[in-house]
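Worksheet: the structure to be examined is printed underneath.
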Amino acid sequence: MTDDETVVSVTGLEIRIPDGPVLLSGAGLTLRRGRITALTGPSGSGKSTLLRAVVGDLPDGARVSAGTIDVLGHDVLGLSADRIRDLRRHRLAYVGQDPGSALNPRMRIRRLVAETAVDPSPQAVRDLLAECRLPLDDGLPGRRPGALSGGQQRRVALARALARRPDILLLDEPTAGLDAALRDEIADLLRHLATTRRLAIVLACHDPDLVGRCADDVVDLAAAARPVPRPAPPRARPEGTGPRPGGTAGTGLAAHGLTVRFTRHGRGRPALEDVDFAAAPGSSTGIVGPSGSGKTTLLRVLAGLRRPDAGTLTLDGRPLPTVARQRGRDRQRRIQLVPQNPLGTLNPARTVGAALARPLRLHQALARADLADRVAALLADVGLPADAARCHPAELSGGQRQRVSIARALAAGPDILLCDEVTSALDPDTATAIMNLLTALREQHGMTLVVVSHEHHLVARYTDTVHLLDTGRVTDSGPTASLLTAT
């Protein structure tokens with residue numbers, strides 16, 4: 001075998017939904033041992049669909065209408081289900097865009113990695129976790145996925161993939177949600193894996209810095225991308241469907257002395273330690289910090305999805321229960337969370353239209369006859385065509401699913417929108433368009449934005465104030481212009 005041996009060859013691939021959209025058109029891909037190939041292109045161009053096709057896992061309802069896929073000498077399109085499973089188990093490793101959803105929440109990290117490992121010994125598992133830049137001295141191997149940050153879950157999923165000792169590694173947005181330092185570490189790790197293990201690596205990616213740092217070859221799917229409308233300027237909402245009058249009165253959302261500890265065997269590890277937070281009405285507030293610093297935990301506490309061990313919340317100067325179900329319907333409506341991983345919250349069995357209609361019925365009391373128009377308007381607001389309402393989440397790209405997640409939060413007519421890495425799965429142009437949309441909605445309706453992001457240039461450009469987190473503590477807060485620099 002030579003170092004540049006071809007292990008994957010895709011030619012003229014077309015994938016479509018019968019009587020529906022074309023997901024991929026005329027795509028080609030060649031992967032060689034010891035080389036890293038980057039798939040680039042805007043959201044919706046088919047990057048994730050092409051990766052899934054290589055492992056023989058097409059989106060629900062999708063069909064290959066043209067082209068060939070050869071993997072390690074096998075015609076993937078002609079293999080039986082048993083042969084495909086065997087190929088995935090021993091030769092291919094795929095880490096999707098939402099790897100946390102594939103981690104069993106009841107299993108501890110060491111067992112999750114050992115489960116797929118050729119060598120499941122404790123030392124081999126620890127070596128894999130360390131190789132994936134995960135800390136070992138704070139008890140991480142003994143924790144469950146829910147006690148990890150999104151970035152840590154992503155690296156655990158990578159460790160599970162490497163534990164199989166595959167020939168081919170397929171990664172969908174491997175650094176989404178990671179800070180710049182970790183992104184560079186993962187880039188160096190991928191370069192190391194390709195060189196030392198002779199792995200053929202392909203990654204779907206919209207981060208030009210990552211591509212420039214580690215990719216040997218680039219396949220741009222932009223030419224085959226389906227046009228997606230840009231977010232339209234926010235239209236005036238029907239009466240009763242925007243933030244309620246008085247939603248900008250008072251002192252906004254605030255927290256004092258928040259402490260959250262993850263406990264194991266009676267020993268606690270702080271995720272947040274005596275954190276104070278404030279977001280003024282109508283403001284845009286950023287939360288930044290390295291992966292694992294507590295950013296997502298803070299948002300979940302504000303949303304009422306994680307009860308703090310200590311501390312208090314207030315909304316417009318009045319006490320706010322720390323558990324969402326105790327807040328009453330109106331205060332639940334007023335504070336909405338857009339999570340980092342939309343696949344974890346969008347029901348795969350429901351269409352996009354049904355996902356958006358539910359909060360409209362629950363919080364806006366719209367008549368059934370008006371639902372279709374409001375769903376179409378929400379989709380237009382986030383740059384999706386009206387016919388996306390008929391799609392299931394699996395038929396959409398990761399970026400499109402994220403926009404659906406934003407639309408669902410907006411359907412409630414919130415006063416406060418908590419956004420957890422909502423641009424991490426989007427290409428730069430779409431990320432800017434989404435931030436422009438959120439800014440326009442904030443200005444038109446007096447909505448408060450709270451934005452968690454590793455993309456400091458977006459936080460610097462689109463927020464008024466910022467809180468800096470590190471190891472569960474707020475190390476600084478104040479005007480964004482004083483603490484961050486837009487680039």
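Computed from a predicted structure; not experimentally measured.
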When you check the gap from the basic side-chain N to the acidic O, do [X] and [Y] get nearer than 4.0 Å?
| X | Y | answer |
| --- | --- | --- |
| R108 | E115 | no |
| R183 | E185 | no |
| D216 | R32 | no |

Quiz item: With sequence neighbours left out, which residue pairs that include part of residues 164-176 fulfil the salt bridge (charged side-chain N to carboxylate O under 4.0 Å, His left out) condition?
Solution: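 Pairs touching residues 164-176 that pass the test: R33-D167, R91-D167.
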
Exercise. Would you mind listing every salt bridge (charged side-chain N to carboxylate O under 4.0 Å, His left out) that reaches into residues 65-82, with sequence neighbours excluded?
Key: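 Passing the test, one end in residues 65-82: D82-R85.
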
Quiz prompt | V71/I69 under side chain to side chain contact (heavy atoms under 4.5 Å, CB included): CA gap, chis, key distance, verdict | solution = CA-CA 7 Å; V71 176; I69 307 173; 4.1 Å; yes

Quiz item: What residues form a salt bridge (Lys or Arg N to Asp or Glu O under 4.0 Å) with D420, not counting sequence neighbours?
Solution: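 With sequence neighbours excluded, D420 shows a salt bridge (Lys or Arg N to Asp or Glu O under 4.0 Å) to no residue whatsoever.
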
Quiz item: Does CZ belonging to R111 count more than 12 external heavy atoms closer than 6.0 Å?
Solution: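 At most 12 heavy atoms, drawn from other residues, nucleotides or ligands, come within 6.0 Å of this atom.
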
Exercise. Among V451, L299, V338, find the one that has a side-chain contact (heavy atoms from CB on, under 4.5 Å) with L418.
Key: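 For L418, the side-chain contact (heavy atoms from CB on, under 4.5 Å) check succeeds only for L299.
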
Quiz item: Of the options L162, I168, I36, which is the one that meets L199 in a side-chain contact (heavy atoms from CB on, under 4.5 Å)?
Solution: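 Of the listed options, the one satisfying the test is L162.
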
Quiz item: Distance from T11 atom OG1 to L29 atom CG, nearest 0.5 Å?
Solution: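 Going from OG1 on T11 over to CG on L29, the span is 10.5 Å.
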
Quiz prompt | Close side-chain approach of P122 and R110, heavy atoms under 4.5 Å | solution =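 No, every pair of side-chain atoms sits at 4.5 Å or beyond.
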
